[in-house]
Structure formats: C-alpha cells, structure tokens
Amino acid sequence: MAITQAMCTSFKKALLDGEMDFSSDTSQTFKIALYTSSASLDASTTAYSTTNEVSGTGYTAGGNTLTVVAPTTSGTTAFLDFNNTTWSTATITARGAVIYLANGSTNPAVAVLDFGGDKTSTAGDFTIQFPTADASNAIVRIA
C-alpha cells in the first residue's frame, strides 16, 4: 500500500464543474481524515472512505472540520489555505490524510497528504500544520 501526496483529479473536475466553493457557500464543510500506512491514497482518490482510517483515543471517524482561509491570488497563482487542526489528548498513528468536502453523501476528496512516514501521538496533541499560504507553498494552489 502507498500514500502519494496529490491534488485529487476528481477535485480538479469538481472545480471546473462549480461543485466546490471555498469562499461564499458557508454550507460547505471541509474535513480532514487520517489514515494508516495500509491505505492506498493518491491523485485517483475520489472520496473520503473509512477503509484504513486511523482509530484511537481522541480520534473520531471522519476526522476534524477544517476552517478555510479565504482564497486569494498572487501574480498568476490562486491559492487557499486551512487553519491548522489538532486532535487533543490523542493516541493515534497516521501515515497520511485526505481533505474532503463533507456533504453527507459522496464526500468528494480534495487532496491527499503524505506525511513521509508514520506520525504518532501518545496521550498528546496530533497536529496538522499547513504550509505558508502563498503562491509557492499553500496546500491548494492553481498556477
């Protein structure tokens, strides 16, 4: 099994179809779910799944709700960011994550994150720290 960091191909199509709105549609909730090293996640991931999702103290299936930082531009690049998110007092081990639109039915995937190895917390904070929100580093960029 492998986890490969990518912006999901189905997300790119959803953007073109106008199915995802990161700024004006406040009814859209984005979440991040954590996965074990047994997961197979990459650009072809289309939706949130419970298969190989982590479990443990302080973690609820489906993951954490993300707070979107408004999309912006710099030069010819558009980008957006999320606020960092933490599972407090958690005992979990994760190898990667999926950001997805929690719509209650299809839960379409946005991006796959590869942690580069297992990350563990033992009765402590497990934090996802997103990169700097700029044209070169933001977690979602369209150049």
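No experiment lies behind these values; they were computed from the predicted model shown.
Here the closest non-hydrogen pair linking Val54 and Thr93 is CG1-O, 3.1 Å. Scanning all heavy atoms of the two residues, the minimum distance from Phe126 to Ala94 falls at CZ-CB, 3.8 Å. Summarising the geometry of Pro71 relative to Ser23, their closest heavy-atom pair is CD-CB, 3.8 Å, with the distance given to 0.1 Å. Across every non-hydrogen atom of Ser10 and Thr46, the tightest pair is OG-CA, 3.5 Å. The shortest heavy-atom contact between Ile92 and Gly56 is CG2-CA, 4.0 Å.
The backbone N or O of Thr51 lies less than 3.5 Å from a partner atom in the side chain of Ser49, making a donor-acceptor pair. Side-chain N or O atoms of Gln28 include one that pairs as donor or acceptor with a backbone N or O of Asp21 at under 3.5 Å. Not one N or O on the side chain of Gln5 forms a donor-acceptor pair closer than 3.5 Å with the backbone of Leu113. Using a distance-only test at 3.5 Å, with no hydrogens or angles considered, a donor-acceptor pair links the side chain of Thr91 to the main chain of Ala123. Side chain of Asn64 to backbone of Thr86: a donor-acceptor contact under 3.5 angstrom is found. With Asn107 contributing its side chain and Ala47 its backbone, the two residues share no donor-acceptor pair below 3.5 Å. Here the side chain of Asn137 pairs no donor or acceptor atom with the backbone of Ala133 at under 3.5 angstrom. Using modelled atom types, one side-chain atom of Tyr48 and one backbone atom of Gly62 make a donor-acceptor pair closer than 3.5 Å.
Distance CG/Leu16 to CZ/Phe11: 10.0 Å, rounded to 0.5 Å. Here Met7 contributes atom CE and Arg141 contributes atom CZ; the two are 7.5 Å apart, rounded to the nearest 0.5 Å. One finds the CD atom of Glu19 at 9.5 Å from the CG atom of Leu101 (value rounded to the nearest 0.5 Å).
Side-chain contact check for Val112 versus Cys8: some heavy-atom pair is nearer than 4.5 Å. No side-chain heavy atom of Pro108 sits under 4.5 Å from any side-chain heavy atom of Tyr100. Side-chain contact between Asn83 and Val69 is present, with heavy atoms from C-beta onward closer than 4.5 Å. With a 4.5 Å cut-off on side-chain heavy atoms, Leu80 and Phe82 count as touching. The closest side-chain heavy-atom distance from Leu34 to Glu53 is not below 4.5 Å. Thr72 is listed as a side-chain neighbour of Phe79, based on a closest heavy-atom distance under 4.5 Å. No side-chain heavy atom of Ser44 sits under 4.5 Å from any side-chain heavy atom of Thr9. Counting heavy atoms from C-beta outward, Asn84 and Ile128 have side chains that stay 4.5 Å or more apart.
Every residue meeting the ring pair (Phe, Tyr, Trp, His ring centres under 6.0 Å) condition with Tyr59, not counting sequence neighbours, appears here in chain and number order: Trp87. For Lys13, the salt bridge (Lys or Arg N to Asp or Glu O under 4.0 Å) test picks out Asp17, with sequence neighbours left out.
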- For side chain to side chain contact (heavy atoms under 4.5 Å, CB included), just list the numbers for Ile32 and Val98, CA-CA rounded to whole Å, side-chain angles, deciding distance to a tenth of an Å, and then say yes or no. CA-CA 6 Å; Ile32 186 167; Val98 170; over 6 Å; no
ask   = side chain to side chain contact (heavy atoms under 4.5 Å, CB included) between Asp118 and Ser37: does it pass, once the steps are laid out?
value = CA-CA 7 Å; Asp118 282 348; Ser37 59; 3.8 Å; yes
**OP:** List the steps, then state whether side chain to side chain contact (heavy atoms under 4.5 Å, CB included) holds for Thr85 with Leu66.
**Re:** CA-CA 7 Å; Thr85 189; Leu66 292 170; 3.9 Å; yes
Full working for side chain to side chain contact (heavy atoms under 4.5 Å, CB included) between Phe130 and Ile99: CA-CA 12 Å; Phe130 288 100; Ile99 298 171; 3.9 Å; yes
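Using a 3.5 Å distance cut-off with no hydrogens or angles, the side chains of Thr127 and Asp125 do not pair a donor with an acceptor.
Taking the ring centroids of Phe22 and Phe30, they lie under the 6.0 Å cut-off.
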